[in-house]
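Down below is the structure, laid out as structure tokens.
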Amino acid sequence: MKKHNYSAGPCILPQEVFQEASKAILDFNNSGLSILEISHRSKDFVAVVEEARNLALELLNLENKGYTALFLHGGASTQFLMVAYNLLQKKAAYLNTGTWSSKALKEAKLFGEVIEVASSADKNFNYIPKNYQIPADADYFHCTSNNTIFGTQMKSFPQTDVRMVCDMSSDIFSRQFDFSQFDLIYAGAQKNMGPAGTTLVVIKNDILGKVERQIPSMLNYQVHIDKDTMFNTPSVYAIYVSLLNLRWLKAQGGISAIEKVNTKKADLLYNEIDRNPLFTGFAAKEDRSPMNATFNLSDESLKEKFNTLWQEAGINGLNGHRSVGGYRASMYNALPLESVHVLVEVMKNLEQKA
Ligand SMILES: *Cc1c(COP(=O)(O)O)cnc(C)c1O
């Protein structure tokens, strides 16, 4: 039976990517060797890393603008501390929009003063705070572009002279805007870029070297830049599969083309959530995420019936995060529009049967 995978992360990738990725396990580039057994310094793999780094910058329209792309270990969670380690000299400003922002904020406190410029914790993070002040003397401002757990997304970013750092783990490569307003962008691969195991960091080169503390090599961006993201053995396979997915995205027409599809999918689902009296959306309407749609049943007694219906339709991964409850439909780039039609049909079906 065809599966419709709404998992929040690790998550769906295009079928073509899975096929090519599996071929490389048996025979990489017709070398007679598996990609899992070759040296990360071999010519074929160095070419993979180079292409992946260049393609990431190309898709973000950040080529030749003083940025470097790195593929690091440790997930986005390691970036929570690495950002502060490398950039926080005295004071940093954080916008708190959910679980991941809170964790980033907590790590930064280990390195200096942290100002929480605003928080939406008062309403269980169901909205994005607006009209906050960023202290002009902050070393940087940190925000989370898309809140994977709560299903909210920043539609615009503050205009400020302070350096901007953004956790884009769950919406990178999903929508077009001016990425050059950021000095550092990071994203764990497993939400919208590839499999778990690598983290993309896009960094403006001139922001480094401004803190006084000693930084251990593995946590030092400059070391990874100087070593072309091969200071130690990189996540060979995760980077390769990410490259396949970035190639796929380019072939679709890049970010602006996929954004149109993403908008269609999100409109389809949110329209049904709003139309169908059995469902209520969790996030404030103006802040709704096209990547992660969070919603609840209006009548909890229908839970079993609804769960049976979507499972029978081949839908997977629809349960909400434990801190929100209800349901979460993650509609990353690779999720086809057809899968959203299937979910909407199930929701209509429930209404008829209830
Ligand atoms: C999943 C997620 C993280 C954590 O990523 P790891 O790679 O598991 O450390 C951080 N930020 C956001 C927005 C996420 O969605």
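Each ligand, and each atom within it, is numbered from 1 in the order the structure gives.
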If you count the atoms of ligand 1 from 1 in the order shown, which ones are under 4.0 Å from a heavy atom of N146?
-> 13 (C)
Can you name the residues that form a ring pair (Phe, Tyr, Trp, His ring centres under 6.0 Å) with Y140, not counting sequence neighbours?
-> Y94
Any residue meeting ring pair (Phe, Tyr, Trp, His ring centres under 6.0 Å) with Y85, in chain and number order, not counting sequence neighbours | F111
Under 4.0 Å between a Lys/Arg side-chain N and an Asp/Glu carboxylate O for D267 and R288?
-> no
Salt-bridge contact R175-D171 (side-chain N to carboxylate O under 4.0 Å) = yes
For ligand 1, which atoms sit closer than 4.0 Å to a heavy atom of F80?
-> 10 (C)
In terms of residue, atom name and distance, what is the protein heavy atom nearest to atom 1 (C) of ligand 1?
-> K191 NZ, 1.5 Å
Atom 4 (C) of ligand 1 [closest protein heavy-atom partner, distance rounded to 0.1 Å] = W100 CZ3, 3.5 Å
Under 4.0 Å from one or more heavy atoms of A76, ligand 1 contributes atoms 3 (C), 4 (C), 5 (O), 6 (P), 7 (O), 9 (O), 10 (C)
Residue and atom name of the nearest protein heavy atom (relative to atom 9 (O) of ligand 1), distance in Å to one decimal = S77 OG, 2.6 Å
Parallel, tilted or perpendicular: rings of H142 and F80 (30°, 60°) = perpendicular
Quick one: which ligand 1 atoms are inside 4.0 Å of a heavy atom on G75?
-> 7 (O), 9 (O)
At a 4.0 Å cut-off, with the gap strictly under it, does some heavy atom of Q190 reach an atom of ligand 1?
-> yes
Could you tell me the residue and atom name of the protein heavy atom closest to atom 15 (O) of ligand 1, and the distance to it rounded to 0.1 Å?
-> T148 OG1, 2.4 Å
Do E286 and K130 meet the salt-bridge criterion of a basic N to acidic O distance under 4.0 Å?
-> yes
Given that the side chain starts at C-beta and the backbone is N, CA, C, O, which of these parts of Y186 lies under 4.0 Å from ligand 1, counting heavy atoms, or is it both or neither?
-> neither
Please confirm whether D167 comes within less than 3.5 Å of ligand 1 when only nitrogen or oxygen atoms on both sides are compared.
-> yes
In plain terms, say whether R275 and E351 are close enough for a salt bridge, that is, a side-chain N and a carboxylate O under 4.0 Å apart.
-> yes
Any Lys/Arg nitrogen of R163 or D206 sitting under 4.0 Å from an Asp/Glu carboxylate oxygen of the other?
-> no
